2 protein chains.
Amino acid sequence: MDRLAEKKNDDARPASAWSKVTMSDVAREANVSTATVSRFLDGMVPVLEPTRAKVMEAIKKTGYIRNEAATRLARGTSDTVGLLIRDPNNPYYGILHSELQLGAAEHKLHLLTVASPPGFNPMTENFGLRRLLEQRVGGILVATGTIAPDELSSFVRDVPTVVLGRPEEHPTLNTVSLDEVANAQLIVDAVLARGHQDIVVTFPETNHSGLLIEHLRGTWLTRHLREAGANVITVDTPSLSSADIESTHRQVIDLVRDEKVTAALFTSDMKLLGFLKAAQEAGIRVPEDVSATGFDGLLPGTELLGLATVRLPVEALARRGMEIIHEEMVSDARLPVRHESLVGSFLPGRTLAVRLPQ
Amino acid sequence: MDRLAEKKNDDARPASAWSKVTMSDVAREANVSTATVSRFLDGMVPVLEPTRAKVMEAIKKTGYIRNEAATRLARGTSDTVGLLIRDPNNPYYGILHSELQLGAAEHKLHLLTVASPPGFNPMTENFGLRRLLEQRVGGILVATGTIAPDELSSFVRDVPTVVLGRPEEHPTLNTVSLDEVANAQLIVDAVLARGHQDIVVTFPETNHSGLLIEHLRGTWLTRHLREAGANVITVDTPSLSSADIESTHRQVIDLVRDEKVTAALFTSDMKLLGFLKAAQEAGIRVPEDVSATGFDGLLPGTELLGLATVRLPVEALARRGMEIIHEEMVSDARLPVRHESLVGSFLPGRTLAVRLPQ
DNA sequence: TTGTACGCGTTATCAA
DNA sequence: TTGATAACGCGTACAA
């Protein structure tokens with residue numbers, strides 16, 4: 001009778017070799033009911049001091065940790081926000097994740113993150129989304145470029161949702177997006193203000209999946225420049241393959257050597273970095289021989305490297321996203337769908353210079 | 001009777017404005033019992049074809065999504081692994097997170113991430129850990145430099161745990177660590193092999209919290225060098241303040257100008273990057289005037305920048321961590337505690353050159 | 001202020 | 001192969 005009766009279900013649940021302390025263990029230890037323990041934990045209902053002490057003692061002694069699954073089941077709601085991000089190995093998502101964590105804490109919310117494996121597979125992203133929904137989180141933040149709002153909307157009828165960063169609106173989904181049109185304008189203004197008139201823009205000219213954003217940026221850079229009367233040459237970077245990248249660099253470098261352009265615009269800071277290296281190897285100086293700009297401003301060391309770029313307003317994106325989710329979660333009515341758009345800021349850096357006369 | 005009887009608890013749970021479809025809704029729709037739906041979902045128990053079809057149909061029609069909280073409660077175990085990381089806005093944690101996600105998928109496990117807000121506050125990290133335990137995840141991966149194993153061990157008696165990357169062993173906790181001693185040796189070997197004998201090492205000489213790793217690296221760089229008979233000068237970088245950083249740069253640059261050293265060793269790639277900029281502004285060329293090495297190899301663009309550094313084996317760290325967790329989760333007995341240690345690889349880059357004679 | 005008892009949504013046991 | 005039903009651990013009227 002010693003070990004067998006120790007816990008009534010000792011042999012009824014051999015599924016795990018790891019013990020679990022429950023609330024009734026604590027209640028028994030403290031000679032109170034489970035309801036009292038629950039109320040003590042909740043903190044919203046007053047509990048007499050001697051009882052408090054007993055319960056605290058019992059919790060410490062048993063090492064009890066509340067089972068959040070049971071809590072959510074009983075409560076029906078949860079103050080946890082689910083975050084779906086794509087590739088954590090990407091400064092953009094890294095900063096976003098970090099800032100959202102901060103924002104969640106400010107609103108006394110919890111953040112639970114699911115990352116979809118890298119690569120552009122919409123299937124696996126839907127899996128991640130499903131897992132978040134299965135957790136019955138109180139709200140969902142979707143920060144993955146590839147999952148289209150249309151697909152999303154059928155999934156998330158039942159939980160407050162905000163789509164972050166996608167340059168796209170949707171009739172039933174809240175979105176906080178990055179205004180790539182205005183961002184491109186920032187770059188263009190800076191380049192023109194420094195007297196450049198002959199400019200090469202490098203970007204994926206066709207809209208491949210996964211290169212959507214860069215395609216968009218390049219398109220708008222070009223359009224803004226042309227509308228301002230600049231002379232624009234575009235160079236297509238159809239893929240991320242090193243062959244394509246190298247060919248792009250060669251073309252740009254040739255244009256510089258032939259004095260056809262005085263500035264080269266790229267659609268990401270990594271691309272700019274790649275060009276900087278190629279230029280150096282080709283004996284071309286930046287910004288003396290050619291000015292160059294990037295896009296993002298998120299790479300660790302951007303300032304150190306002196307990249308001229310647009311800093312994406314990731315912090316504001318995170319803040320607004322969390323605010324909207326929070327409002328939806330505390331309100332018991334459905335709020336009107338919101339669409340917001342955020343503009344970045346230009347970082348002058350040292351790769352963009354005034355065009356020398358002649 | 002139309003809307004009022006639609007769902008029996010329509011007004012009994014007004015907590016949320018969002019509807020929830022449950023398993024019994026599906027069961028009713030398909031004219032089967034909840035048990036059948038559950039078995040269908042589980043997939044391990046055969047279900048007759050006509051029944052399958054009915055259930056599938058009903059699930060689609062109702063838009064049902066399983067409640068994982070209830071599942072975990074009923075099952076008592078879960079195939080979800082909890083990951084505690086520090087600052088997602090940090091390439092190291094970003095890559096780790098990404099690779100762990102991949103590894104989890106390979107083992108058919110789910111990964112749920114909690115990030116502790118940036119800053120070195122052990123309190124908030126314990127909060128994150130507690131939240132993971134409250135989720136009753138099947139295993140826990142701790143990847144945060146600041147939470148000491150000793151503190152950890154009292155928390156996680158009841159769930160398989162692996163500590164990732166901390167240079168420290170513990171009698172009851174599995175650890176997969178980065179062998180900073182061997183990593184430092186890699187740098188030292190490379191520097192000595194290129195003929196350098198007069199070397200400056202820059203690092204926090206006192207062991208501040210949060211600078212532990214860099215302190216360790218610097219200490220071992222110095223020790224290895226001295227053991228090999230090199231002439232080492234150390235420069236203290238007590239903090240991350242820009243004043244301290246600049247003072248460090250000045251000292252190193254003076255040493256170079258006075259021809260006291262031919263190589264400068266830094267304890268992170270960001271530090272190296274900072275020095276590269278300072279050197280450039282001071283008119284000192286790297287590696288012509290002085291060779292320089294970093295530590296990490298994780299910055300996006302490391303190869304582009306040509307940093308000479310040690311690439312931390314983050315991928316292997318993730319893989320081993322996930323393997324160990326998986327083994328512990330499938331085994332119903334407790335496995336012996338394991339300690340493993342991983343060595344990185346040297347990246348030659350372009351900031352380290354052969355020392356010129358004289 | 002505390003205790004009793006039921007329900008939350010799902011799984012698993014046992015019959016049918 | 002399926003259906004009823006008892007857990008799972010916790011929150012919360014309702015009663016005391």
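In what follows, every chain begins at residue 1, and chains take the letters A, B, ... in the order their sequences are listed. Source: prediction; values computed, not measured.
Axis angle across the helix from dT1(C)-dA16(D) to dA16(C)-dT1(D), with five pairs used at each end and values rounded to 10°: 30°.
For the pair R136(B) and E49(B), both in contact range of DNA chain D, the more 5′-proximal nearest nucleotide belongs to E49(B). Taking the nucleotide of DNA chain C with the nearest heavy atom to each of S33(A) and L73(A), the more 5' of the two is matched to S33(A).
The nearest whole Å value for the distance from the CD atom in Q135(A) to the P atom in dC8(C) is 21 Å. One can place NZ of K20(B) at 12 Å from P of dT10(C), the figure rounded to the nearest angstrom. Distance CG (D25(B)) to C1' (dT10(C)): 13 Å, rounded to an integer number of Å. dC8(C) atom P lies 18 Å from atom CG of N67(A), rounded to whole Å. Rounded to an integer number of Å, the gap from CZ of R72(B) to P of dA7(D) is 23 Å. Per the geometry, CG belonging to N31(A) stands 20 Å off P belonging to dT1(C), to the nearest Å. Between the CZ atom of R75(B) and the P atom of dT13(C) there is a distance of 12 Å, given to the nearest Å.
Residues satisfying the side chain to side chain contact (heavy atoms under 4.5 Å, CB included) test with V330(A), not counting sequence neighbours, are H326(A). Shown here are the salt bridge (charged side-chain N to carboxylate O under 4.0 Å, His left out) partners of E134(A), two or more places apart in sequence or in another chain: there are none. Judged as a side-chain hydrogen bond (donor to acceptor under 3.5 Å, both in side chains), and not counting sequence neighbours, E57(B) has no contacts.
Judged purely by atom type and a 3.5 angstrom limit, Q101(B) uses its side chain to pair as donor or acceptor with the backbone of A115(A). R131(B) places a side-chain N or O within donor-acceptor distance of the main-chain N or O of L111(A), the cut-off being under 3.5 Å.
Under the 4.0 Å criterion applied to side-chain N and carboxylate O atoms, E323(A) and R338(A) are not assigned as salt-bridge partners.
Distance check, rounded to the nearest 0.5 Å: CD1 of I95(A) to CG of N89(B) gives 4.5 Å. The line from NE2 of H97(B) to OG1 of T113(A) is 6.5 Å long, rounded to the nearest 0.5 Å.
Listed nucleotides: dT2(D), dG9(C), dC8(C). Nearest to the side chain of T51(B): dT2(D). Each of dT2(D), dG7(C), dG3(D) was ranked by its minimum atom distance to the side chain of L48(B); first place goes to dT2(D). Picking from dG3(C), dG9(C), dG9(D) the nucleotide with the shortest atom distance to the side chain of A74(B) gives dG9(C).
Residue pairs satisfying the side chain to side chain donor-acceptor pair (under 3.5 Å) criterion with at least one member in residues 31-49 of chain B, sequence neighbours excluded, are listed as follows: S33(B)-T36(B).
Among the protein residues, M23(B) comes within range of the nucleic acid bases, having at least one heavy atom under 4.0 Å from a base atom.
Taken residue by residue, residues 34-45 of chain B places heavy atoms nearer than 4.0 Å to DNA chain D at A35(B), T36(B), R39(B).
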